[in-house]
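Just so it is clear, the model here is predicted, and its values are computed rather than measured.
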Amino acid sequence: MDRFLEFTGIGIVIVTFGAAVAVFMSAGHAPGPGLLGVATWALPTIVGGVVLAAFGRMLGELKALRHEAAKQTGTLDKISSYLSRRRP
């Protein structure tokens with residue numbers, strides 16, 4: 001799920017940026033959406049994509065932390081059982 005969210009967020013940013021550039025360039029000298037018109041829908045969508053990608057990255061980091069914590073718990077259990085067997 002973490003990789004999916006990262007790629008989805010990056011895809012949203014790339015597609016939105018490309019669409020914003022295309023709409024802005026196609027306007028030319030004709031009356032239509034200028035920079036402000038494009039920015040009203042492009043910037044919130046790009047920020048949303050960045051937030052989605054960051055959330056996916058955070059989920060990946062949490063998954064790695066959970067894995068490492070489980071490894072450390074296993075190691076501590078082994079040490080504890082070894083020490084309990086050594087006591088007279």
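In this structure, CH2 in Trp41 is found 6.5 Å from OG1 in Thr16, a value given to the nearest 0.5 Å. Here the straight-line distance linking atom CZ of Arg57 with atom CG of Leu62 works out to 12.0 Å at 0.5 Å rounding. The distance from atom CG of Asp2 to atom NZ of Lys63, rounded to the nearest 0.5 Å, is 4.0 Å.
Connection of Met25 to Val38 is established within a shared hydrophobic cluster, with ILVMFWY side chains joined at heavy-atom distances below 4.5 Å, either directly or through further cluster members. Ile46 and Val15 fall into different hydrophobic clusters, defined by Ile, Leu, Val, Met, Phe, Trp and Tyr side-chain heavy atoms under 4.5 Å apart, directly or through other members.
Summarising the geometry of Leu52 relative to Ile12, their closest heavy-atom pair is CD2-CD1, 4.0 Å, with the distance given to 0.1 Å. Closest non-hydrogen pair, Pro44 versus Ala39, comes out as CD-O, 3.6 Å. Heavy atoms only, all atoms of each residue included: Leu59 and Leu5 are closest at CD1-CD1, 3.6 Å.
Other members of the cluster containing Ile10 are Ile14, with ILVMFWY side chains joined at under 4.5 Å, either directly or via other members.
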Pair up each side-chain donor or acceptor in residues 65-81 with any protein partner under 3.5 Å, not counting sequence neighbours, and list the distances.
residue	atom	partner	partner atom	Å
Thr73	OG1	Ala69	O	2.8
Thr75	OG1	Lys71	O	3.0
Ser81	OG	Asp77	O	3.3
Ser81	OG	Lys78	O	2.9

